[in-house]
Every structure is written in structure tokens, then in C-alpha cells.
Amino acid sequence: MKILFAILCVCAFAAASYGCNKGKSTGASQTKKVGGCTVETIAIGTGMNVSAEAPSDAAWIRVSSVEFADNELYKKAALDLAKALEMRGIKVYSRSELMHVAEGPCWPPYSVEFRIKLDEQAGGPIHKFLLGTPIAEHRPGSERPDGYGPFFISCGYGSSDWWTIWYRQ
């Protein structure tokens, strides 16, 4: 009887472990620790996985939100931003899928990040261009709306923000 009980416990533990780990390393999402935060990468169908190693001096530009927006909105915003960068001749080194900070102090909680060739001085023209360009059928603005709006685009280098554009319906 003790042997049967031990076998059942081992089987239950194995089944629980399989259920807890199922889909973590493959499938629609992956979870990893980054800077004290648990970050989940969610495939939203942008086809924008990392395409090249970005140099250490690469700037970043992100489509971000504080509250979860629909996966299709993130996808549309990322694709529209990619087109805008291409139209302005900005070199894109790499792009991510949707990153979600599941746990920890990292901010913003949701973002799609592009690593780009851009410096602060060259960032002015793309900032002006995006201020006049709707993204994902949302209007851009320089003033932050209540609740941060449905999403925002920010640009910078390292931990420094150069500028942010806020979007409204």
C-alpha cells in the first residue's frame, strides 16, 4: 500500500510540474527574469523577432502601454511604427514581440521595442514626423492624457527618455 501511495504521489507531482511548465519555453509566450522583473514575451504575430544584434550604442523606440490593450492594437501600432521608421530612413537593428512585465518594478508593463540607429539630435525629425502621423488609427499628441491613453511611443537611449508621444482614439 505504501508503494502504491508513493507511486501516486510521484505521478501527481510529475503531472503538476508538467502543467506548470507547459508552454513556457515554446508556444505563444516565454517567461524570463530581466533586472529583477519577470518578463513574459507574447507572440502577437508581428513577425518581428530579433533580426540582428544591435550595437551597444543603439537607441530604442517603444510602443508601450500601462494597461493591457488588445493584441491586435499592439500589432497594428508596431507595424505602423515600422513603416514610419522605414519612410524616414531609420535603420532598425532588431524588434521584439510584445513584452509584458508580469512581476517586478520594471516599467512600462507592456511594450514592443525597436532597437534603432539614432542619436538624440537625429531623433528630432522622427519625433516631429510621428507627432503628425496617426498610428494604429489613433491621434498623436504631446500632452499625456489621463491614464496614459491606449498606448504611447517613447524614444531614448539606455535609461534616458528623449521624448514621448501620447495617442488617443
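Quantities reported herein were computed from a predicted structural model and do not represent experimental measurements. As a basis for the values below, the full set of heavy atoms in this structure was taken, side chains included, without hydrogen atoms, waters or symmetry mates.
Summarising the geometry of Met87 relative to Phe129, their closest heavy-atom pair is CE-CZ, 3.8 Å, with the distance given to 0.1 Å. A pairwise comparison of heavy atoms in Trp163 and Ile126 identifies CZ2-CG2, 3.7 Å as the closest pair. Across every non-hydrogen atom of Phe114 and Ala78, the tightest pair is CZ-O, 3.4 Å. Across Arg115 and Ala58, no two heavy atoms sit closer than the pair NH2-O, 2.8 Å. Heavy-atom minimum distance, Leu131 versus Pro140: O-CG, 3.1 Å. Between Leu73 and Pro150, the shortest heavy-atom contact is CD2-CB, 4.4 Å.
With hydrophobic clusters built from ILVMFWY side chains whose heavy atoms lie under 4.5 angstrom apart, Trp166 does not share a cluster with Leu130. A continuous path of hydrophobic side-chain contacts links Phe151 to Ile42 [ILVMFWY only; heavy atoms under 4.5 Å]. Placement of Phe152 and Ile116 in two distinct hydrophobic clusters is found when ILVMFWY residues are connected by side-chain heavy-atom separations under 4.5 Å, directly or transitively.
Sorted by first then second residue, the side chain to side chain donor-acceptor pair (under 3.5 Å) pairs that include residues 135-158, not counting sequence neighbours, number zero.
Partners of Tyr74 under the side chain to side chain donor-acceptor pair (under 3.5 Å) rule, at least two apart in sequence or in another chain, are Ser65. For Lys75, the salt bridge (charged side-chain N to carboxylate O under 4.0 Å, His left out) test picks out no residue, with sequence neighbours left out.
Counting heavy atoms from C-beta on, the side chains of Tyr167 and Ile153 come closer than 4.5 Å. Within the 4.5 Å cutoff, side-chain heavy atoms of Ile165 are placed close to those of His127. Residues Asp161 and Trp60 meet the side-chain proximity criterion, which asks for heavy atoms closer than 4.5 Å. Proximity of Asp119 to Asp57: side-chain heavy atoms (C-beta onward) are nowhere separated by under 4.5 Å. The shortest distance between side-chain heavy atoms of Ile61 and Trp162 does not fall below 4.5 Å.
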**Report entry** Step-by-step side-chain contact (heavy atoms from CB on, under 4.5 Å) determination, Phe68 to Leu98
**Finding:** CA-CA 11 Å; Phe68 178 74; Leu98 178 62; 4.3 Å; yes
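One finds the CZ atom of Arg62 at 12.5 Å from the CG atom of Leu81 (value rounded to the nearest 0.5 Å). Here the CZ atom belonging to Arg88 is positioned 11.5 Å from the CG atom belonging to Leu118, to the nearest 0.5 angstrom.
Of the possible polar contacts, none joining the Glu40 side chain to the His100 backbone as a donor-acceptor pair under 3.5 Å is found.
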